[in-house]
Amino acid sequence: MAPTEAEQHPRRVVALAAHDASGRLTPVRISRRDTGDDDVAIQILYCGICHSDLHTIRNEWRNALYPVVPGHEITGLVTEVGKNVKKFNVGNKVGVGCMVNTCQSCESCEEGLENYCSKIVLTYNSQDKDGSSTYGGYSDMVVVNERFVIKFPDGMPLDKGAPLLCAGITVYTPMKYHGLNEPGKHIGVIGLGGLGHVAVKFAKAFGMKVTVISTSPEKREEAVERLGADAFVVSSDANQMKLGCSFKALSVVEYLAARGTMHGIINTASASMTMYPYVLLLKPRGKIILLGLPEKPLQVSAYSLAAGGKTMAGSCMGSIRDTQEMIDFAAEHGLTADIELVGAKDVNEAIERLAKGEVKYRFVMDVGKTLNAA
Ligand SMILES: NC(=O)C1=CN([C@@H]2O[C@H](COP(=O)(O)OP(=O)(O)OC[C@H]3O[C@@H](n4cnc5c(N)ncnc54)[C@H](OP(=O)(O)O)[C@@H]3O)[C@@H](O)[C@H]2O)C=CC1
Ligand SMILES: O=C/C=C/c1ccc(O)c(O)c1
Ligand SMILES: [Zn+2]
Ligand SMILES: [Zn+2]
């Protein structure tokens, strides 16, 4: 007889779940599997709050499988390992990012780019190979196959390091694969949020010139003085953006100075926009990489891309091998996210603030100290 859900997933774990498109999170109990031979059990201490969590719980991508327990920037301590586990021991500091399973046999998996596996199992809002739902890091503990667990190097803090597991790898990957990690090159970063601010930090660590292109003039000073950006262009204010006329609103002098100067741009904006004015910032044959996943389509002018032989591409998350490489690189360079730590009780308020762009630059939930009291 097939095992029941309770037999397959006997651990009862405290979590925060959204139940409908209001996205409001409430405490629930979920089931986790026992630690299998290849698994690592992790006590979750911190979990970053990514804008994808917000898109998902509010069903903006029309794919929510409620109840949704979000969270794919998970850090914590190993509490148990299965008998085949080679890379981890009890007590290790570890992280889990956006995926927890792949097929291991498709072309993408064989190339080591399992983030593009057609059968990828995401950390939450997905169905695992045994048919169970996956639940993310807004929870006490998680059980994950060791292949999807990242070793946290000494010196990489579990709180400020957590956002690197999604925001960090999502920006590091296109920089690596599109040659946007070379000293002296000029990169533009659209959107100074969770992804954008770590993109600025990685670009500076690679020795690049960085221009932030932002809708928030008030972010200029810290973008330049604290994050180390070389230039800052105000792209629009929110009202003008709603009218779709970002081009007219660009801060004209800085914009004109930046036109035709960028080897690449990464677009981390969570909202839809007209790409034309941004494409004009690229040098001939420059590349614009789309990372933000807005609910509504972007507007693109074919003419602006074709004239100048420019490329528009997309990129999603990153492989496990690249995630380990990125975390090790970040640790060597003392690179972490700028975070605001929030308790589990305040998570709904934090998500409201994230929706309004009122975070500098990533909320991280203090799961270890506060979830059980929520
Ligand atoms: N491709 C992938 O693998 C991944 C994609 N994502 C997606 O990336 C996006 C960003 O995520 P994250 O950094 O966590 O989000 P944040 O909310 O932290 O940052 C998004 C930034 O976008 C800018 N922005 C917001 N509204 C607008 C607007 N109307 N027009 C132009 N810019 C705007 C703001 O920057 P500013 O104030 O500077 O203008 C804001 O800070 C999301 O859509 C998310 O789902 C996330 C992770 C992985
Ligand atoms: O924040 C990360 C989002 C990752 C993601 C979104 C959508 C999708 O189909 C994925 O495979 C990953
Ligand atoms: Zn994410
Ligand atoms: Zn695969």
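Ligands are counted one by one from 1 in listed order, and the atoms in each one are counted from 1 as well.
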Option of least heavy-atom distance to atom 4 (C) of ligand 1 (set: T170, V359, N267): T170
Within-cut-off N or O pair, P294 and ligand 1, under 3.5 Å: no
A271 neighbourhood, listing ligand 1 atoms whose heavy-atom distance to it stays under 4.0 Å: 26 (N), 27 (C), 28 (C), 29 (N)
Backbone or side-chain N or O of A269 under 3.5 Å from ligand 1 N or O: no
Region of W61 that comes within reach of ligand 1 [heavy atoms, distance under 4.0 Å]: side chain
T268 and ligand 1 - part of the residue with a heavy-atom distance under 4.0 Å: backbone
Contact partition for S272 relative to ligand 1, non-hydrogen atoms under 4.0 Å: neither
Metal proximity, H51 vs the Zn ion (ligand 3), N/O/S cut-off 2.8 Å: no
Ligand 1 N/O within reach of R362 N/O, cut-off under 3.5 Å: yes
Presence of N, O or S from H72 under 2.8 Å of the Zn ion (ligand 3): yes
Nearest option to atom 15 (O) of ligand 1, as decided by whichever heavy atom of K356, H197, R353, H51 sits closest: H51
Contact check, A167 vs ligand 1, heavy-atom distance below 4.0 Å: no
Distance-only N or O hit between ligand 1 and L195, under 3.5 Å: yes
G357 heavy atom under 4.0 Å from ligand 1: no
